[in-house]
Amino acid sequence: MNKEGRQVGQTAATGFQIGVRRTLPISAEAAWAYLISPEGLKLWLGNVPKLSIREGEAFASPEGISGELRVVKPESQLRLRWKKNGWEKPSTLQIRLLPGKAGQTTISFHQENLDHPNTRELMKMRWESVLNEIRHRTSSANNHAEERINP
């Protein structure tokens with residue numbers, strides 16, 4: 001509990017929130033391309049039908065994730081309603097790409113309007129896993145590209 005009597009991750013107005021970020025050795029363009037690729041979308045949304053990635057577009061996956069894209073800023077930001085089956089109300093998920101030094105990009109997942117500290121913890125584990133998988137898959141792709149360039 002903090003001095004206002006709230007638990008870790010609890011806000012005054014929007015329930016619980018979580019933020020997870022990782023800096024990866026890829027450009028913002030490459031990070032964006034991966035996030036919106038079928039393989040990338042499958043990691044954080046599930047097996048959604050082909051999305052055109054435009055504001056107002058709704059989605060639903062067989063894994064029970066549904067929502068709507070609210071803000072789309074290519075190579076920079078996605079903001080969406082994101083809801084799992086069984087949740088009373090959707091959360092707000094924001095993904096930001098923060099360019100860093102020399103071909104590095106920080107990918108940030110921030111989710112708010114979560115209903116409970118247990119939900120917060122589950123989502124923290126989910127986004128950490130997603131970011132670790134993105135790191136693994138994009139670094140493998142970079143290593144293969146470097147092998148082709150420098151045999």
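Count residues from 1 along the sequence.
The line from CD of Glu68 to CZ of Phe59 is 8.5 Å long, rounded to the nearest 0.5 Å. To the nearest 0.5 Å, atoms OG (Ser139) and CG (Leu24) are separated by 8.5 Å. In this structure, CZ in Arg96 is found 12.5 Å from OG1 in Thr106, a value given to the nearest 0.5 Å. Residue Ile65 holds its CD1 atom at 9.0 Å from CG of Asn85, rounded to the nearest 0.5 Å. Distance check, rounded to the nearest 0.5 Å: CZ of Arg79 to CD1 of Ile95 gives 12.0 Å. To the nearest 0.5 Å, the span separating CG on Leu78 from CG on Leu69 amounts to 6.5 Å.
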Please walk me through it: do Val48 and Ser61 pass side chain to side chain contact (heavy atoms under 4.5 Å, CB included)?
-> CA-CA 5 Å; Val48 293; Ser61 74; 3.8 Å; yes

May I have the step-by-step check of salt bridge (charged side-chain N to carboxylate O under 4.0 Å, His left out) for Glu39 and Lys42, ending in yes or no?
-> CA-CA 5 Å; Glu39 181 181 359; Lys42 185 176 179 180; over 6 Å; no

Test log, rule side chain to side chain contact (heavy atoms under 4.5 Å, CB included), inputs Glu88 and Asp115 | CA-CA 9 Å; Glu88 285 187 32; Asp115 65 346; over 6 Å; no

Evaluate side chain to side chain contact (heavy atoms under 4.5 Å, CB included) for Glu55 paired with Val71, printing each intermediate quantity in order.
-> CA-CA 6 Å; Glu55 292 177 9; Val71 175; 4.3 Å; yes

Going through the checks in order, is the side chain to side chain contact (heavy atoms under 4.5 Å, CB included) test met by Thr23 and Gln104?
-> CA-CA 7 Å; Thr23 300; Gln104 292 188 331; 3.8 Å; yes

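Under 3.5 Å, the side chains of Ser91 and Glu112 contain no donor-acceptor pair of N or O atoms. Side-chain contact annotation: Thr92 with Asn113, donor-acceptor N/O pair under 3.5 Å present.
The two atoms that bring Arg137 and Tyr34 nearest to each other are CD-OH, 3.0 Å, heavy atoms only. The two residues Leu41 and Ile36 come nearest to each other via the heavy atoms CD1-O, 3.4 Å. Nearest heavy atoms, Asn47 versus Glu63: ND2-OE2, 2.6 Å. The two residues Leu43 and Val130 come nearest to each other via the heavy atoms O-CG2, 3.6 Å. Residues Ala28 and Pro99 share a closest heavy-atom pair of CB-CG, 4.3 Å. Of all non-hydrogen atoms in Leu35 and Trp44, the two that sit nearest each other are O-NE1, 3.1 Å.
Inter-residue side-chain proximity for Leu98 and Arg21 is flagged as met; some heavy-atom pair is nearer than 4.5 Å. Residues Lys89 and Lys83 fail the side-chain proximity criterion, which asks for heavy atoms closer than 4.5 Å.
Met125 and Ile134 fall into different hydrophobic clusters, where Ile, Leu, Val, Met, Phe, Trp and Tyr are joined by side-chain heavy atoms under 4.5 Å apart, directly or via other members. Note: the hydrophobic cluster containing Trp32 also contains Leu51 (ILVMFWY, side chain heavy atoms under 4.5 Å, direct or indirect links). Follow the hydrophobic side-chain contacts under 4.5 Å out from Leu122 and you never reach Leu93; the two are in separate clusters.
Across Arg126, Arg120, Met123, Gln17, a single residue satisfies side chain to side chain contact (heavy atoms under 4.5 Å, CB included) together with Gln111, and that is Met123.
Using a distance-only test at 3.5 Å, with no hydrogens or angles considered, a donor-acceptor pair links the side chain of Glu57 to the main chain of Ile53. Judged by distance alone, with hydrogens and angles left aside, the side-chain atoms of Thr105 form a donor-acceptor pair with the main-chain N or O of Ile26 at under 3.5 Å.
In this pair, Trp127 and Trp82 present their aromatic rings perpendicular. The plane angle is above 60°, beyond the 30 to 60° band.
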